[in-house]
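In the text below, chain A, chain B and the rest are named by the order of the sequence lines, each starting its count at 1.
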2 protein chains.
Amino acid sequence: MTAIRGARERARSEITEAIKAEARKQLAAEGAAKLSLRAVARELGMASSALYRYFPSRDDLLTALIVDAYNAVGEAAERATTGLRGPDAARPVARWTAICTAVRDWALAHPHEYALIYGSPVPGYRAPRTTTEPAARVGLALIGVVRDAHTAGALKEPAQPLPDAVVGDALALGAELGVELPGAVLARLVGAWAQLFGLLSFELFGQFNRVIEARTEFFEQAVLELARSVGLSTPR
Amino acid sequence: MTAIRGARERARSEITEAIKAEARKQLAAEGAAKLSLRAVARELGMASSALYRYFPSRDDLLTALIVDAYNAVGEAAERATTGLRGPDAARPVARWTAICTAVRDWALAHPHEYALIYGSPVPGYRAPRTTTEPAARVGLALIGVVRDAHTAGALKEPAQPLPDAVVGDALALGAELGVELPGAVLARLVGAWAQLFGLLSFELFGQFNRVIEARTEFFEQAVLELARSVGLSTPR
DNA sequence: CAAAAACGAGAGCAGTGCTCTTGCTTTGGT
DNA sequence: ACCAAAGCAAGAGCACTGCTCTCGTTTTTG
């Protein structure tokens, strides 16, 4: 139904995409704060008022960029595991680090888009329903690795006990996602997920300046530690 | 010399402080993006151009707020350990968690100021030299706990080996700070420091919505895990 | 006491997000 | 095939922003 729906709809989606592309360009050049609708329109050779037919407000444009960015990291994370060949394709730790480094590579390549989604929320407050699903993709990729390790019997459950409230949240989350994992593992998984982006944010936002120079080695080491914390056994 | 240096200088510092106070008020109400110099001047009953005698640009005002915010968290972190009484005052893990929860409490009480310093960098790029020292205070407080535990012989060094480059960075950092700690411990300390703010950012920026409800328990659990990762032995 | 520096206020510039009105083009029902 | 309805682009305009410049006034300083 969407194939031959008239020239107008095709033009609309093309222009919408062109606007987003130009906005992404300005985002990469100057950051979200300096992204200007008028400048986008100017660059596209259209009146600024015409742009409002496609995005009712600046925040809506940003939201669209946010969704795209979440999908871009999410896809990078998902592709990281499917691209593994040889024995690494089955080793949980290798899959785990592949995802984490893919996310880091994406972040280093698109720092302003990273800042858009994992930095401070730009407008008053956002998070329309449409962002929550793409936002979960990286987390789901990580969960997938641990789930597979669990079903393969390669998961070492942590001994340390957790508060009931935390385990309860974790089990509720597992039920919602339809994932069969011990509460303690899921809880640590959420923690590792947050800590992964803590490392990335510190690196990207400059907190590691004059502190850590061997960023890649440091990151991979920390990621191995995170894998261990969720029960994936490290080699050697 | 600064005491009775004329009424003008006193007025100047008073007005400077009033500007920052009003700016902080607007920051808390609307966020950094909507902070407007003109609105601050209006609220203070002065011409907007007069404000430029005190802060040469909007970014300079923001930088001043950033420095203040870093000092505020830093002070909260430092005060957390000195306020401990009884046996907890000597237990490293108790001091560690006290610092972390103090930082979290400050962040929850001042979310927009937290976003200002640990969210995405707002202008093109900032980090004038004046911000780096206050920015280090929380990290130094954490290092202090581990250093004390080390000299008291209560530190369990991690067995896992680290890449040479990482250990090298860590030792250089330790030398610069004048702190005697094994490279592996220092490296893990930096990681824990970054991960702490990863947890806080995810909580404050809404990534835990519909994921974790028992935020406090979750945080304290994660913080205990971080303490363990740097070699502080958990009780029981 | 006079020169110099600091200060406050106003006007003004270029830029922004967003709205409203005015014409034009494509679409879809009869 | 026609014609109303809907979608669209453009321009003018409003209220706001950061920032600069000028012009009197006040305070400090030599």
Legend entry - Pair of N/O donor and acceptor under 3.5 Å linking D:dA9 base with A:S49 side chain: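 Looking at the base of D:dA9, it does not pair with any donor or acceptor on the side chain of A:S49 (distance under 3.5 Å).
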Atom pair distance, as rounded to whole Å: [atom1] in [X] and [atom2] in [N]:
| X | N | atom1 | atom2 | value |
| --- | --- | --- | --- | --- |
| B:R58 | D:dT20 | CZ | P | 15 Å |
| B:L37 | D:dT17 | CG | P | 9 Å |
| A:L51 | D:dG7 | CG | P | 18 Å |
| B:E30 | D:dC16 | CD | P | 14 Å |
| B:L35 | D:dC19 | CG | P | 12 Å |
| A:I15 | C:dT25 | CD1 | C1' | 13 Å |
| A:Q26 | C:dG15 | CD | P | 14 Å |
| A:F55 | C:dC18 | CZ | P | 13 Å |

Legend entry - Given DNA chain C, 5'-ward residue of the pair A:R38 and A:R53, judged by closest heavy atom: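 Looking at the nearest nucleotide for each, A:R38 comes out on the 5' side.
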Taking only side-chain N and O atoms of [X], does any of them lie within less than 4.0 angstrom of OP1 or OP2 on [N]?
| X | N | result |
| --- | --- | --- |
| B:S36 | D:dT17 | yes |
| A:R12 | D:dC8 | yes |
| B:Y54 | C:dA6 | no |
| A:R42 | C:dT16 | yes |

Legend entry - Among D:dT17, C:dT19, C:dG8, the nucleotide that comes nearest once only the side chain of B:A39 is considered: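 From the listed options, D:dT17 comes nearest.
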Inset, instruction - Can you spot which of B:E30, B:R24, B:R58 makes a side-chain contact (heavy atoms from CB on, under 4.5 Å) with B:L35? - result: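 Answer after filtering B:E30, B:R24, B:R58: B:R58.
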Legend entry - Salt-bridge contact B:E176-A:R210 (side-chain N to carboxylate O under 4.0 Å):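 Salt bridge absent between B:E176 and A:R210.
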Inset, instruction - In plain terms, say whether A:R188 and B:E225 are close enough for a salt bridge, that is, a side-chain N and a carboxylate O under 4.0 Å apart. - result: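 Yes.
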Legend entry - Side-chain H-bond candidate by donor/acceptor type, B:S201 with B:Y114, under 3.5 Å: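 Indeed, the side chains of B:S201 and B:Y114 share at least one donor-acceptor pair under 3.5 Å.
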Inset, instruction - Would you kindly say whether A:D60 and A:T63 are connected by a side-chain donor-acceptor distance under 3.5 Å? - result: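 No.
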